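Below, chains carry the letters A, B, ... as their sequence lines are ordered, and counting in each starts from 1. Just so we're clear, the structure is a prediction, and the values are computed from it rather than from any experiment.
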Amino acid sequence: MLEIRNLHVSIDGRDILKGFNLNIKPGEVTAIMGPNGTGKSTLSYVLAGREGYLITQGDILFNGENILELDPHQRAAKGIFLAFQYPVEIPGVTTMQFLKAAMNAQRRSRGESEIHTPDFMKIVRETAQKLDIDQDMLRRPLNSGFSGGEKKRMEILQMSLLTPSMCILDEMDSGLDIDALRTVSEGVNNLRNNQRSFLIITHYQRLLDYIRPDTVHVMANGQIRRSGGPELALELEKNGYQEYLSEEAA
Amino acid sequence: MSQPLETPFDDMYICGVSQIRDDAWGRFKHQGLPSRKLESWRYTDLKTALRNVYPLGSRVKYDSFPPREHESHRLVIIDGFFHPELSDLNDLPQGVRCLNIKSFLADQDNEARYDAHAILQKKQEPSIDLNTALLQEGVAVIIDQGVSVAKPIELLLIFSNSNFSFTRNIIHLHQGASARFIETVKDTTLTGKQFNHLLLANVESNARLDLGSNLSGQADQTIGALSVLLSLAENSQFSSFSLVGIRGFIRRQIYANLAKKNAKIHLSGVTLSKSDDHIDTTIEIDHLAENSTSIENFRSILSDRSSVVFQGKIIVRSEAQHTSGQMTSKAILLSDNSTMYSKPELEIMADDVKCSHGSTIGQLDKDQLFYLMARGLSLQEATNLLIESFASDPILNIEDDYFKSFFHGRLIELLASGAPA
């Protein structure tokens with residue numbers, strides 16, 4: 001589904017990704033773990049198409065198509081979804097209004113007709129309920145004054161409504177208490193199926209107790225250093241990233 | 001502009017109007033069209049812009065009614081002339097009178113006329129002098145003591161011919177009256193117009209006036225001055241919101257006297273400018289008595305090579321203790337070639353007051369843009385949603401629900417039609 005080949009990315013002349021390779025199959029849940037400053041968030045932004053990153057080498061293929069030239073909204077319409085580490089506040093635009101704009105924009109891009117308002121209201125209400133999002137929150141301006149947990153639940157709500165096939169979760173667990181982590185993880189687990197893939201970017205093994213990955217990769221210094229199954233995450237939890245960092249120093 | 005033109009007021013020496021006009025013309029001739037030399041016109045050089053002066057128009061007959069946008073009592077002024085036959089004069093509620101401005105000015109028994117004159121005399125300003133000197137027509141709406149008008153009264157100003165129009169509307173709310181006015185300014189064709197319009201409002205004690213101004217047009221050669229002169233008495237309130245989506249070289253100026261204690265004024269608006277538009281909003285609020293409040297809250301969205309001016313001045317006289325004055329102007333530049341001039345001023349002579357001003361000029365937030373695009377909105381859709389977000393504060397603070405939903409809808413329409421970008 002997603003194939004990243006020898007990707008080199010730099011910002012302001014500084015190399016961040018240095019020959020990054022990754023392959024994710026349909027339905028696969030992949031976790032990338034690594035220390036701070038190793039390029040994990042850069043990877044998520046580059047996949048979603050953020051401006052300001054210079055791609056000097058390599059390709060990103062999504063369902064066989066090179067997406068490097070596509071704008072973020074075109075990638076979104078093709079099914080790529082990035083759940084932000086720090087969801088952005090948009091004052092003055094209600095959450096409902098934003099959700100409808102996003103759903104319809106993607107439908108238009110795919111040549112589909114816009115969603116009928118009653119259908120929209122129904123599906124939003126039902127999905128929100130499952131994520132413990134109350135109706136009042138939907139009427140408030142998007143993410144404005146939301147707590148960390150509320151913002152993350154809102155990301156999962158969007159992910160549920162937009163039905164992407166490739167979900168990238170950037171530090172989903174940051175700023176969440178145990179209860180919120182459980183709700184958010186359940187939301188993610190409910191979306192798992194054999195066609196939808198996940199890329200979970202995290203520092204800690206904790207999140208992977210709730211969302212069990214098929215594969216785990218360790219990233220350091222802009223590359224994948226080691227790959228394995230869920231047991232690799234447990235090992236990292238015990239030993240830390242020190243061995244990968246010292247490799248870097250050497 | 002070298003000689004006074006033939007005007008419909010030449011027969012009015014008898015009631016002093018001609019003298020007032022002659023005096024105004026005299027002052028105007030002495031000073032000339034405002035240019036950069038005048039501090040308050042520093043960023044809006046009307047003299048240079050107005051090189052080709054269009055002729056004054058004459059009354060044209062209209063058979064068709066302009067389309068209705070509001071459920072309102074509508075008064076129609078087209079190209080400088082009041083059209084009673086197109087206006088809703090027959091169903092005006094009791095206690096509301098509407099007169100052609102000429103009849104109003106000639107009526108020596110009408111107190112409102114003297115009040116209007118007194119307000120006018122307090123502000124001698126070249127653009128207003130020119131309006132006085134060359135005034136063609138307009139309407140005066142007088143609302144009697146204690147009368148509360150349920151339906152909005154709409155002052156519809158249509159500019160459709162390439163003429164110079166000089167119009168004036170007067171609103172007078174007697175004690176305890178309340179009314180909502182919609183001022184619709186429509187530049188209806190693609191050829192340039194020239195106009196100089198004055199709205200003079202006198203709000204007596206305990207009265208309340210809400211004004212919503214909707215300025216629209218597509219003619220980038222249009223040159224217009226829209227002045228508002230306001231006088232607020234004790235415990236009176238005035239609030240206005242304006243959506244400026246008109247094109248060309250436009251000067252809007254509001255001069256307000258908070259003459260008596262406990263008067264409140266709330267001015268807000270959103271301006272969208274594009275191509276080579278130049279849109280100036282200049283406001284002067286004069287707090288003359290104690291315990292009065294003023295709020296100014298404006299947003300500007302600039303694209304292409306357009307320029308926008310915001311000049312806000314709050315004057316607090318020594319008698320005006322416990323004044324509260326707040327001024328905010330925020331602008332977003334969508335293009336590197338657009339220019340925002342922002343000049344907030346406070347002139348405070350009393351010692352126990354709360355006054356503040358804030359002015360920001362920036363660009364769209366890149367994080368917000370990326371977030372929206374990552375959710376599937378195109379650059380244009382994301383930009384429009386962020387403009388809506390940026391403009392939302394003054395719109396959400398409109399007290400009147402009808403105005404709030406009308407202007408919100410109108411802004412979205414303007415954005416959808418590609419107004420700013």
Discussion item. Please report the interatomic distance CG(A/D71) to CZ(B/F370), rounded to the nearest 0.5 Å.
Written reply: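 Atom-to-atom, A/D71:CG and B/F370:CZ are 11.0 Å apart.
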Fill in: Largest heavy-atom contact set with chain B, pairs under 4.5 Å, which of A/P72, A/G52, A/G92
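Ranked by contacts with chain B, first place is A/P72.
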Taking atom [atom1] as the centre, does [X] end up with more than 12 heavy-atom neighbours from other residues, nucleotides or ligands that are less than 6.0 angstrom away?
X: A/Y53; atom1: OH; value: yes
X: A/E69; atom1: CD; value: no
X: A/D12; atom1: CG; value: no
X: A/Q129; atom1: CD; value: no
X: A/E51; atom1: CD; value: no
X: A/K78; atom1: NZ; value: no
X: B/K264; atom1: NZ; value: no

Is [X] in contact with chain B via its backbone, its side chain, both, or neither, using a 4.5 Å heavy-atom distance?
X: A/Q97; answer: side chain
X: A/P141; answer: neither
X: A/A48; answer: both

Quick one: does [X]'s side chain get under 4.5 Å of [Y]'s, heavy atoms only?
X: A/H73; Y: B/R375; answer: no
X: A/F84; Y: B/D367; answer: no
X: B/L386; Y: A/I90; answer: yes
X: A/V88; Y: B/Q368; answer: yes

Could you report the tightest heavy-atom contact between [X] and [Y], atom names first, then the distance?
X: A/A76; Y: B/A374; answer: CB-O, 3.4 Å
X: A/P91; Y: B/S392; answer: O-OG, 4.2 Å
X: A/V93; Y: B/S389; answer: CG2-CB, 3.7 Å

Practice prompt. Anything in residues 145-159 of chain A with a heavy-atom distance to chain B below 4.5 Å? Please list those residues in order.
Written response: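 Counting heavy atoms that sit under 4.5 Å from chain B, the residues of residues 145-159 of chain A involved are A/E155, A/Q158.
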Worksheet entry | residues 104-124 of chain A: residues contacting chain B (heavy atom under 4.5 Å, by number) |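 Under the 4.5 Å heavy-atom cut-off, A/A105, A/Q106, A/R108 qualify.
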Worksheet item: Between B/L396, B/D393, B/I395, B/L385, which residue shows the highest count of heavy-atom pairs closer than 4.5 Å to chain A?
Response: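 Top option by heavy-atom pairs under 4.5 Å: B/L385.
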Item to complete: Using the test side-chain contact (heavy atoms from CB on, under 4.5 Å), find all partners of A/R75 that sit at least two apart in sequence or belong to another chain.
Response: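 With sequence neighbours excluded, A/R75 shows a side-chain contact (heavy atoms from CB on, under 4.5 Å) to A/I67, A/L70, A/I80, given in chain and number order.
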Item to complete: Tell me, please, which residues at least two apart from A/N63 pass side-chain contact (heavy atoms from CB on, under 4.5 Å).
Response: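 If we apply the side-chain contact (heavy atoms from CB on, under 4.5 Å) test to A/N63, skipping adjacent residues, the hits are A/M1.
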Practice prompt. Quick one: sort the B/Y371 and A/F98 rings into parallel, tilted or perpendicular, breaks at 30° and 60°.
Written response: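 Because their plane-to-plane angle is under 30°, the rings of B/Y371 and A/F98 count as parallel.
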